[in-house]
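A quick note: this is a predicted structure, and the numbers were derived from the prediction, not measured. In what follows, chains are A, B, ... by sequence order, proteins preceding strands, each numbered from 1.
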Protein chains: 2
Amino acid sequence: MFTIGRNTDYASRIVLHLACLEPGARVTAADIASRRLIPSAFIRRIVSRLSAVGVLATVRGSGGGIALARPAAQITLREVVEAFEGPLSLNVCVASPAVCPLAVTCPVQQAWVGATQHLAAFLTGVTFGDLAREIRDPQSVP
Amino acid sequence: MFTIGRNTDYASRIVLHLACLEPGARVTAADIASRRLIPSAFIRRIVSRLSAVGVLATVRGSGGGIALARPAAQITLREVVEAFEGPLSLNVCVASPAVCPLAVTCPVQQAWVGATQHLAAFLTGVTFGDLAREIRDPQSVP
DNA sequence: CGTAATGTTACCAGAATAGTAATCTTTCTC
DNA sequence: GAGAAAGATTACTATTCTGGTAACATTACG
Ligand code: SF4
Ligand code: SF4
């Protein structure tokens, strides 16, 4: 079906949730999990990955929690996607042309390279600052 | 890694091969399989699907083979992709928003809808007529 | 009828997915 | 310092998906 995995989607929920709060607000992972319908035993790994990648800043111990490492306006959807799906590459030969012996003369490869670049550009243009702003209008989510 | 499957890639090789021949040329599947490095026991299902979808016209029996059902210029890469990956949908909520309870207020969904539309538009713009023309220049492939 | 071709189905091994669970480490509060 | 509250890490599992193989069925030419 050619879709992103659940990990990636959950990650975007987490970042979006934080982007909707006051800048710099810190909140526990379990809290986000319950509000955003993320399996509570699952969110740990996701948060861990996001912080390894530099999207989240975490504080351990009692009274700790997670927060955005940077302003939401500087976090792109692409960054979150690539943290879980790896570098964008719509066909195996885009990331590493060597895997296909036909790559040298294959015009389809060029098409996939182009499609990947277009998608990457689109996702780079979507920041969580923009996304959070869209949700402020109708009713603010707890 | 978020890529198309091998089925889809093999399918594009088949269509490209036919697009490089004389218009209307008919050739056996086994021949394409050996020239384009497709597992020979695999190509059957792929050809079958492509013909069910209206991209290929097949002729059974001795002396039969496969050919494009329409001029290559009218066959888009999107069509081939969707024949194997299903309707383009970069996240589950794009194809059917009902699967996610958050969909009604989720701005990320809008982003995925947009990304899917952009990708779809790009792939619609790539026809095998164009692709075949690119390969005629350097050296014609057997 | 025999042969050459596609159509269809069943099957399989290995990988990926989605999720659970248990344990470790850090740090605050009392 | 004890205990509790948090995140970090790892191992495990069940299910599905993927890529591929194999066998058989169907069609058509000669
Ligand atoms: S056949 Fe072309 S598109 Fe397919 S993997 Fe090889 S180079 Fe890429
Ligand atoms: S959270 Fe938003 S993007 Fe994710 S599945 Fe639900 S509607 Fe779609």
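- In this structure, the side chain of A/Glu85 does not engage the main chain of A/Ile4 through any donor-acceptor pair within 3.5 Å.
- Residues from residues 55-71 of chain B placing a heavy atom under 4.0 Å of any atom in DNA chain D, listed by number, are B/Arg60, B/Gly61, B/Ser62.
- In this structure, the nucleotide among D/dG19, C/dG19, C/dT6 sitting nearest to the side chain of A/Pro39 is C/dG19.
- Looking at A/Ser12, its side chain does come within 3.5 Å of a backbone N or O of A/Asp9 through a donor-acceptor pair.
- Distance A/Arg26 CZ to C/dC28 P: 9 Å, rounded to the nearest Å.
- Counting non-hydrogen atoms under 4.0 angstrom, A/Ala29 reaches the backbone sugars and phosphates but no base.
- Side-chain N/O atoms of B/Ser51 include one lying less than 4.0 angstrom from OP1 or OP2 on C/dG7.
- The residue among A/Gly5 and B/Val27 whose nearest nucleotide of DNA chain C lies closer to the 5′ end is B/Val27.
- At least one side-chain heavy atom of B/Arg36 sits under 4.5 Å from a side-chain heavy atom of B/Leu16.
- Among the nucleotides D/dG19, D/dA8, C/dT20, the one closest to the side chain of A/Val47 is D/dA8.
- In terms of position along DNA chain D, the nucleotide closest to A/Thr28 lies nearer the 5' end than the nucleotide closest to the other residue of the pair A/Met1 and A/Thr28.
- Phosphate contact (OP1/OP2 of C/dG19, side-chain N/O of A/Tyr10, threshold under 4.0 Å): present.
- Looking at heavy-atom distances under 4.0 Å, A/Phe84 makes no contact with the nucleic acid at all.
- Residues A/Arg70 and A/Glu79 are paired through a salt bridge, judged by an N-O separation under 4.0 Å between the basic side chain and the carboxylate.
- A donor-acceptor pair is defined here as one N or O able to donate and one able to accept, closer than 3.5 Å; such a pair exists between the side chain of B/Thr28 and the backbone of B/Asp31.
- Atom pair B/Ile43:CD1 and C/dT8:P shows a separation of 16 Å (rounding to whole Å applied).
- With D/dA23, C/dA18, D/dT21 as the choices, the nucleotide that has an atom nearest any side-chain atom of B/Arg44 turns out to be D/dA23.
- Between the C1' atom of C/dG7 and the CD1 atom of B/Ile46 lies a distance of 14 Å, rounded to the nearest Å.
- When distances are taken from the side chain of B/Ser48 to each of D/dT21, C/dG7, D/dA11, the shortest belongs to C/dG7.
- The cationic group of B/Arg6 lies under 6.0 Å from the six-membered ring centre of B/Tyr10 and within 45° of the ring axis, placing it in a cation-pi geometry.
- In this structure, the CG atom of B/Asn7 is 14 Å from the C1' atom of D/dT21, given to the nearest Å.
- Rounding to whole angstrom units, CZ of residue A/Arg45 and C1' of D/dT13 are separated by 12 Å.
- In this structure, B/Ile32 places its CD1 atom 12 Å from C1' of C/dT6, rounding to the nearest Å.
- Residue A/Leu18 contributes atom CG, which lies 14 Å from atom C1' of D/dG7 at whole-angstrom precision.
- When only modelled atom types and interatomic distance are considered, B/Thr127 and B/Asp130 share a side-chain donor-acceptor pair under 3.5 Å.
- Between B/Asn91 and B/Thr116 there is no side-chain heavy-atom pair separated by less than 4.5 Å.
- A straight line from CG of B/Leu37 to C1' of D/dG19 spans 16 Å, rounded to a whole angstrom.
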